[in-house]
Amino acid sequence: MSKEIPSRYDPSATEDKWYAFWLENKFFKSVPDGRKPFTIVIPPPNVTGVLHMGHMLNNTIQDVLVRRARMLGFNACWVPGTDHASIATEAKVVRKLREEGIKKSDLSREDFLEHAWDWTRKHGGIILEQLKKLGASCDWDRTRFTMDEKYYDSVIDVFIDLHKKGKIYRGERMINWDPAARTALSDEEVLYKEVNSKLYFVRYEIAGNKNEFVTIATTRPETILGDTAICIHPKDERYKHLHGQRAIVPIINREIPIITDEYVEMEFGTGCLKVTPAHDPNDFVLGEKHKLEIVNMMNDDGTVSAAGQVYVGLDRFKARKKIAEDIEKLGQLVRVEELQNKVGFSERTDVQIEPRLSLQWFVDMKELSKPALENVMNDNIRFFPPKFKNSYRNWMENIRDWCISRQLWWGHRIPAWYAPDGSFAVAKTKEEAYSQLAAHDPKLNANNISQDTDVLDTWFSSWLWPISVFDGFYKKDEVDYYYPTNDLVTAPEIMFFWVARMIIAGYEYRGELPFRNVYYTGIVRDKQGKKMSKSLGNSPDPLELIAKHGADGVRVGMLLSSPAGNDLLFDESLCEQGRNFANKIWNAFRLVNGWNVEDIPQPESSRIAIEWMNSKFDSDLVELNDDYEKFRINEALMTTYKLVWDDFCAWYLEMIKPVFGQPMDKQTFESTVEIFEKLLKVLHPFMPFISEEIWHYIRERQSANESICIAPWPEVRNVNAVLLSDFNSFAEVVIAIRNVRKENNIANKEKLNLVVKAATALKKTFDASLAHLCNLSAIEYTNEKPANAFSFIVESSEYFIPFTANVDVEAEKKKIAEELNYTRGFLKSVEVKLTNERFVNNAPALVLESERKKQNDALSKIKVLEEKLSALN
RNA sequence: GGGAGCAUAGCUCAGCUGGUUCAGAGCAUCUGCCUUACAAGCAGAGGGUCAUAGGUUCGAACCCUAUUGCUCCCACCA
């Protein structure tokens, strides 16, 4: 029978089969019913993205949680979906069109969107198909997309609602401008990099005094064209004479005031700061404070604007070079220094960010964010690991308004309409907007109003995800059942982008938290500690990994060393370990499957082994449930791993295994199958495929509904602590006998006698197992010490194995002498404690008692060893 | 600059309320085994001044202080 089953588990033969089986029987489908719900909403990946290692880790964890919840009897619902990812997707579409020779600027908005939808339909959802290979148990009927019609509506309605509440406003702000994508970026989309720059020292002439100059230092001389003041520290003695004077901007000869402000650092550069309110956030603040003129000298593509007066149309970097040369020609360039500074780059296009004054839409976050801060700090929403609460608080306490407009086409178009005079109305339809606008201007022609061309920040749609996936803004039945969701599994990088904002939206629109627990995964890094990414080429292809090691193997590999919030140093050998584990389980199954079961009496050793294994299972199950409770997923896996490999395979199966060729008794077999089933259940969340495969082999399953997916999670029955501790002593004896065999080259086949001189009445619970496992011909209890025997001590009892053949007595003596020496040293350290009056007076009785026991054990052990030594003479 | 965290075996990490365990696991390493489920395996072994220096305590990997090194987040100087 066993010959037909290969000794190596082949995942490729089973995985697709079982995934199809699960889908066919709708085990992942969830509809509201009388059970308690358990809900997870997937962090929606980019619609046109492909699976990377971060997704693998993240979704494996979610699947583990969902599968266990399903087995615990919850109505488990894992909602999948994708995100339209406006900047990333639009960039991809623009690139693709460019390759076809089409420029975005040549297309109408409608035509461009048509291309984008084509692209989305073609590439969208690939990633979801890939997740199926991993075994993800999502309710695929619920797959949502952030630009689905209903979802789209909810985003627009929320915008309108927040506007009505006065939480959304339009304002001129210094924003991060991406001149390549020609769009504003949120602060979070800007990456700062250390670069080598030049610090230019430029002399400005003092107005009315051709021979007097003031020297400033700047890294961006092109912005000189936008200078509207020079600022010095009011207490700076060097420049006291300049207070109230005016200076002349080189090249363009604009006369500007010299102002004083404590913002200026006297130590940096020359202590004189040129002020360009339109092109620097701090200068903008200074400008507002001192009522300075604002000169915007740059176009949205990064070229010099007409307001710059010279170099108009020239790119900013070329203009920088040119103006430096021209200033030098004027003799006003004092010197140039090398400077290392940090410059912002666009996360998407990797071009230098231009701080730019622009009219944008903002969400006023101050009030909205209050419940979101409070309910994380008081653990209504729990973070795992909790250390992230700190940075969350830090961010929330210093929250800034959220710039939500993006100068893109792919996304949710801002529902604002403008009249020719600049007045605007926020409304769901053009008609509504018109009626609002016409109320102020009855002569307004409906054809003359136009919608805002911008779309909303992608996160302005994803922050509604836990509500909108259930159409929670329009109907109650589902959202009331599934919301709040249970666990959110995501990366700490998007704590502010996404997690914080979902919490905000949750309290604003449901008056309630969106999820109870947030599990932050780490970043998947390579062995060198570098972040895995496609661009670095250090990321393995997840699907290839699955093909190579099986989905179960990869899942185990991902989880083996990734405690919450810790980065995972990924190494393919981890997947190998996972695959090896699958193989181990497979072979345990082969053994059980291969037995000849007959109606014969059950050996006592098997009866005890079963009792012990059940007890061990239950005690580990307690631990396992606790690990899950605390989101210590990798520890839960390790507990399971050791339970299966060490306790079940290495000990239990060896204890009940019949001698080769002998039949297995029915009773033991039946119990073993039951134990195996329990093990498969706790394995299932980690290794869904192999557990289902063996589940169907090991017992005949009548109906499709007998899938392990929906089998009830085992319950803790009783933990027999005495039996567990007796087993540990037994195991110690087994190991000691194995050592005797090994050290003396005694073959396993050679039967041995064991003579026991018990210190106290010794329990014989495991004697039959001992004889079975160690190939003993007899176990003898005695008060006499046999001479010429190997011996060892376990818990004050002496064990002897009489010499069978020629043995090296001298070597044996040496070993005993060493042990004696060690034990004497140990006794001394214990006695030092016990003779310390302060220890004896202060330590709790329990501790004192244990030290005394150690002392007694050591004393008797020394006595025994001394006797042994003399017996060998 | 502001905030947070980390430092325990070669690697990745446990170690909960200071004391039952003279510091644990998995992997890796080494030794011996193709022993009838499994060499993707079995049986063993070695390996740690718990970053450093002080302090508190009868007792410290754990609490306190300082030092060193690393990581992350936020802000960002012309």
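We name chains A, B, ... by the order of the sequence lines, and we start the count at 1 in each one.
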Given B:G26, B:A43, B:A45, the nucleotide with the shortest approach to the side chain of A:Tyr641: B:G26

Nearest-angstrom distance, P atom, B:A9 to B:G3: 30 Å

Atom C1', compared across B:C13 and B:U56: separation rounded to whole Å: 30 Å

Exercise: do A:Lys274 and A:Thr276 side chains pair donor with acceptor under 3.5 Å: yes

Heavy-atom closest contact (A:Ala588 atom, A:Cys649 atom, distance): CB-SG, 3.8 Å

Pair A:Arg590-A:Asn587, side-chain donor/acceptor within less than 3.5 Å: yes

Spacing of the P atoms in B:G41 and B:A51 (rounded, Å): 34 Å

Sugar-phosphate, base or nothing in reach of A:Leu574, heavy atoms under 4.0 Å: nothing

P atoms of B:U71 and B:C34, separation to the nearest Å: 49 Å

Euclidean distance, atom CG of residue A:Leu637 to atom P of B:U12 [Å, nearest integer]: 19 Å

Ring centroid separation A:Phe589 to A:Tyr9 under 6.0 Å: no

Given B:C74, B:C76, B:A78, the nucleotide with the shortest approach to the side chain of A:Val264: B:A78

Nearest-Å distance for atom pair CE/P, residues A:Met558 and B:C27: 19 Å

N/O (side chain, A:Asn390) to phosphate O (OP1/OP2, B:C73) under 4.0 Å: no

Candidate nucleotides B:G26, B:G44, B:C73, ranked by approach to the side chain of A:Lys642 - the nearest: B:G26

Closest to the A:Asn739 side chain, choosing from B:A45, B:A14, B:C74: B:A45

Within the 6.0 Å centroid threshold, strictly below: A:Tyr519 and A:Phe384: no

Centroid-centroid distance, A:Phe648 to A:Tyr652, less than 6.0 Å: yes

Closest-nucleotide 5' rank along RNA chain B - winner of A:Ile735 and A:Asn394: A:Asn394

Sugar-phosphate, base or nothing in reach of A:Asn398, heavy atoms under 4.0 Å: nothing

Base-pairing string, 5' to 3', of RNA chain B - Watson-Crick or wobble, under 3.5 Å, | interstrand: (((((((..((((.....[....)))).(((((.......))))).....(((((..]....))))))))))))....

Nearest-nucleotide pick for A:Glu635, side chain only, options being B:C74, B:A14, B:C77: B:A14

Residues that A:Arg356 engages under salt bridge (charged side-chain N to carboxylate O under 4.0 Å, His left out), provided they are two or more places apart: none

Pull out every protein N or O sitting under 3.5 Å from an N or O of nucleotides 36-40 of chain B, one pair per line with the distance.
| residue | atom | partner | partner atom | Å |
| --- | --- | --- | --- | --- |
| B:A37 | OP1 | A:Lys657 | NZ | 3.4 |
| B:A37 | O2' | A:Asn587 | OD1 | 2.7 |
| B:A37 | O2' | A:Arg590 | NH1 | 2.6 |
| B:A37 | N6 | A:Cys649 | O | 3.4 |
| B:A37 | N6 | A:Glu654 | OE2 | 3.1 |
| B:A37 | N3 | A:Asn587 | O | 2.9 |
| B:A37 | N3 | A:Ala588 | N | 3.4 |
| B:C38 | O4' | A:Asn587 | OD1 | 3.0 |
| B:C38 | O4' | A:Asn587 | ND2 | 3.4 |
| B:C38 | O2' | A:Asn587 | ND2 | 3.4 |
| B:C38 | O2 | A:Lys584 | NZ | 2.8 |
| B:C38 | N3 | A:Lys584 | NZ | 2.8 |
| B:A40 | OP1 | A:Arg8 | NH2 | 2.6 |
| B:A40 | O4' | A:Asn580 | OD1 | 3.1 |
| B:A40 | O2' | A:Asn583 | ND2 | 3.0 |
| B:A40 | N7 | A:Arg8 | NE | 2.9 |
| B:A40 | N7 | A:Arg8 | NH1 | 2.5 |
| B:A40 | N7 | A:Arg8 | NH2 | 3.1 |
| B:A40 | N6 | A:Arg8 | NH1 | 3.4 |
| B:A40 | N3 | A:Arg579 | NE | 3.2 |

Whole-Å distance separating the CD1 atom of A:Ile494 from the C1' atom of B:C72: 16 Å

Polar contact flag, side-chain donor to acceptor under 3.5 angstrom, A:Asp261-A:His290: yes

Out of B:A78, B:C74, B:A43, whichever nucleotide has its closest atom nearest the side chain of A:Arg738: B:A43

Touch class at under 4.0 angstrom, heavy-atom based, for A:Asp283 against every strand present: nothing

Test applied, side-chain hydrogen bond (donor to acceptor under 3.5 Å, both in side chains); reference residue, A:His549; option that passes from A:Glu572, A:Arg555, A:Gln577: A:Glu572

Spacing of A:Phe497 atom CZ relative to B:C74 atom C1', expressed in whole Å: 13 Å

A:Asn282 and A:Tyr263 side chains, donor-acceptor separation under 3.5 Å: yes

Euclidean distance, atom OH of residue A:Tyr520 to atom P of B:U71 [Å, nearest integer]: 23 Å

Whole angstrom value for the distance that separates C1' of B:C76 from OH of A:Tyr263: 9 Å

Neighbour count above 12 (heavy atom, 6.0 Å) for A:Lys548 NZ: no

Integer angstrom distance from the C1' of B:G24 to that of B:U31: 23 Å

Span that lies between the P atom of B:U52 and that of B:U68, in whole angstrom: 15 Å

Partner of A:Ile216 by side-chain contact (heavy atoms from CB on, under 4.5 Å), out of A:Phe201, A:Tyr204, A:Tyr200: A:Tyr204

Candidate nucleotides B:C74, B:C77, B:A78, ranked by approach to the side chain of A:Leu273 - the nearest: B:A78

side-chain N/O A:Arg220 vs B:C77 OP1/OP2, d < 4.0 Å: no

A:Asp626 CG - B:G15 P separation (whole Å): 12 Å

Value in whole Å for how far the C1' atom of B:A75 lies from CD1 of A:Ile353: 16 Å

Distance, P atom - from B:C6 to B:C63, rounded to whole angstrom: 10 Å

Rounded C1' spacing from B:U12 to B:U29 in Å: 16 Å

